[in-house]
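Below is one structure, written out as C-alpha cells; the observations come after it.
Atom set for the values below is all heavy atoms of this structure, side chains included, hydrogens, waters and symmetry mates excluded.
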Amino acid sequence: MKKKNRLVAVLLACCATVCSFSTALQAGAVNLHDESTMTEEEKQIKELCDIVVSCTNAERAKEGLPELATFPLLNELACIRAEEISLSPSETYFSHNRPDGSSCFSLLKAEKETFKYATSGENIAAGRADPVSTVEQWMKSEGHRKNILGDKYTHIGIGYYYNPDTEYGYYWSMYLIGSYSGSVPAVIGGQYIPGLTLGDVDGSHVINSQDAKQILHYAACRAAGVSIDVVSGFEDAADINGDGVIDARDASIVLAYSAAMGANGSANLEDFIW
C-alpha cells in the first residue's frame, strides 16, 4: 500500500502544474504525434494522457491482464471526443453519441485500415482535473471498470480537454480497441508506451516483479528462436546492465532492486547493476 501511495503522490505531483490550461484546444487541432512541433499545451496533454495509460495498465496488472499499448493517432481521436462531450447542453453531448448523432466509434471506423481492430469500447468522464483520480472514478463504475479490465483489448487512446467556460471544466475520453493480430502487446506503426525508463519495461512507473517477468519471457522467446513483438522502447528499458543482451541477469537486477524498495522504500537501481 505504501508503494501505491508513493506512486500516486508522484503522479499527482507531475500533473499538478498541467491541469489548468488558460485556453481551450479545439477539436481536431491536437498534435500528439510529432514532439518537435508540439505546443506547450499539447506536450502537457500528452503527459496527462501518458499518466492515464500508466494508471490503467497498473489496474490491469493487478488482475493479471496484459498491458495496453497506445499510439498518438488513437490519443488524437480521443481528444476530439473529449472536446465533443464538453459541448452544451451537456445532457445531450455528454454521451457515447457524437454531436452529429453518429456513434462515438465513427471516428475509429474512419481509420479502420490503420487500426485494423476487431472490437472497441469507450469510457468518458468529466469534472476531475487530475488523471489519477479520473482512473479511480472509472474503476468505481461497473461498466467503466469492465472496459478497463477487458481481456479482448490490446490498445488504448486517451483524450483530454479543458474549458473553464463549460459546465464541468475538465473532460476525458478513453478509446479501447482489440487488434486482429492477437499478439500482446500488439505492435501497430507509430505506437508508444509512455514512461518507459530503465527497468520499467511495462510503463507502470514502478519497477517490480512484473517487469522482471516480462524480461524473462522476452529472453526465453529469443533463446528459443521464437519471434516476439514488443512495444517501442522495451529493449532499451530491459537491458538493465547495458551489455546488449536481455537475459536473466537483467531480470535478477530488477528483482533485487524491487525487494530493496519493498523493504525500506529507498533504493537506486544503479546500485544493483552487476
Report the C-alpha distance between T166 and N163 in whole Å, list the side-chain angles of each, state the deciding distance to 0.1 Å, and finish with yes or no for side chain to side chain donor-acceptor pair (under 3.5 Å).
CA-CA 6 Å; T166 57; N163 187 333; 5.0 Å; no

Measure the spacing between CG of D250 and CG of N241 and express it to the nearest 0.5 Å.
4.5 Å

Any side-chain heavy atom of E67 within less than 4.5 Å of one from Q210?
no

Scanning both residues in full, the closest heavy-atom pair of M174 with V52 reads CE-CG1, 4.3 Å

Assess whether side chain to side chain donor-acceptor pair (under 3.5 Å) is satisfied between N264 and S266, documenting all intermediate values.
CA-CA 5 Å; N264 58 36; S266 178; 5.1 Å; no

Checking the side chain of T39 only, and the main-chain atoms of E42 only, is there a donor and an acceptor separated by less than 3.5 Å?
yes

For S252, side chain to side chain donor-acceptor pair (under 3.5 Å) partners two or more places apart:
none

What closest approach, in Å, do N147 and N123 show between heavy atoms, and which atom pair accounts for it?
ND2-OD1, 3.0 Å

Under a 4.5 Å cut-off applied to non-hydrogen side-chain atoms, are L176 and K152 in contact?
no

Measure the CG-NZ distance between N208 and K213 for me, rounded to the nearest 0.5 Å.
11.0 Å

R81 side-chain N/O to G159 backbone N/O, donor-acceptor pair under 3.5 Å:
no

Taken in chain and number order and not counting sequence neighbours, the residues that satisfy salt bridge (Lys or Arg N to Asp or Glu O under 4.0 Å) with R145 are E63

For the side-chain contact (heavy atoms from CB on, under 4.5 Å) test, which of D50, I51, N57 pairs with V53?
N57

Does the plane of the ring in F105 sit parallel, tilted or perpendicular to the ring in Y175? Use 30° and 60° as the thresholds.
tilted

Just so I know, are the side chains of H155 and L68 near enough to count as touching, which here means a heavy-atom distance under 4.5 Å?
no

Backbone N or O of I158 within a donor-acceptor pair of the N75 side chain at under 3.5 Å?
yes

Spell out, yes or no, whether V201 and V226 are grouped together once hydrophobic residues are joined by side-chain heavy atoms under 4.5 Å, including indirect joins.
no

Just to verify, what does D239 make a salt bridge (Lys or Arg N to Asp or Glu O under 4.0 Å) with, not counting sequence neighbours?
none

Where do H96 and I124 land on the side-chain contact (heavy atoms from CB on, under 4.5 Å) test, with the steps shown first?
CA-CA 8 Å; H96 296 293; I124 57 176; 3.9 Å; yes

Heavy atoms of A248 and L216 approach each other most closely as CA-CD2, 3.9 Å

Grouping I, L, V, M, F, W and Y whenever their side-chain heavy atoms are under 4.5 Å apart, do L87 and L77 come out in a common cluster?
no

Closest heavy-atom contact between M139 and L149?
CE-CD1, 4.3 Å

Close side-chain approach of T119 and I177, heavy atoms under 4.5 Å:
no

If we check side-chain contact (heavy atoms from CB on, under 4.5 Å) with I215, which of these qualifies: L255, D247, V254, I253?
V254

Quick one: salt bridge (Lys or Arg N to Asp or Glu O under 4.0 Å) partners of K43, sequence neighbours excluded?
E40

How long is the span from the OG atom in S209 to the CD atom in Q214, to the nearest 0.5 Å?
10.5 Å

Enter the distance from L74:CG to C49:SG here, rounded to the nearest 0.5 Å.
10.5 Å

Just wondering, do I148 and W138 contact through their side chains at under 4.5 Å, heavy atoms?
yes

So how far is it from Y160 OH to E83 CD, rounded to the nearest 0.5 Å?
13.5 Å

In short, S173 meets A78 closest at the heavy-atom pair CB-O, 3.4 Å

Salt bridge (Lys or Arg N to Asp or Glu O under 4.0 Å) involving R98 - partner list, sequence neighbours excluded
E84

Sub-3.5 Å donor-acceptor pair from the side chain of N97 to the main-chain atoms of C104, do we have one?
no

Any chain of hydrophobic side-chain contacts (each under 4.5 Å) joining V245 to W274?
no

If you take all heavy atoms of Y171 and A126, which pair is closest and at what distance?
CD2-CB, 3.7 Å

Report yes if the side chains of L269 and Y257 come closer than 4.5 Å at any heavy-atom pair, otherwise no.
yes

Value for CZ (R249) from CG (D243), rounded to nearest 0.5 Å, stands at 5.5 Å

Ignoring hydrogens and geometry, is there a side-chain-to-backbone donor-acceptor pair from N268 to E270 under 3.5 Å?
no

Does Y218 belong to the same Ile/Leu/Val/Met/Phe/Trp/Tyr cluster as I240, with side-chain heavy atoms less than 4.5 Å apart forming each link?
yes

Apply side chain to side chain donor-acceptor pair (under 3.5 Å) to T134 and list each qualifying residue two or more places apart in sequence or on a separate chain.
W172

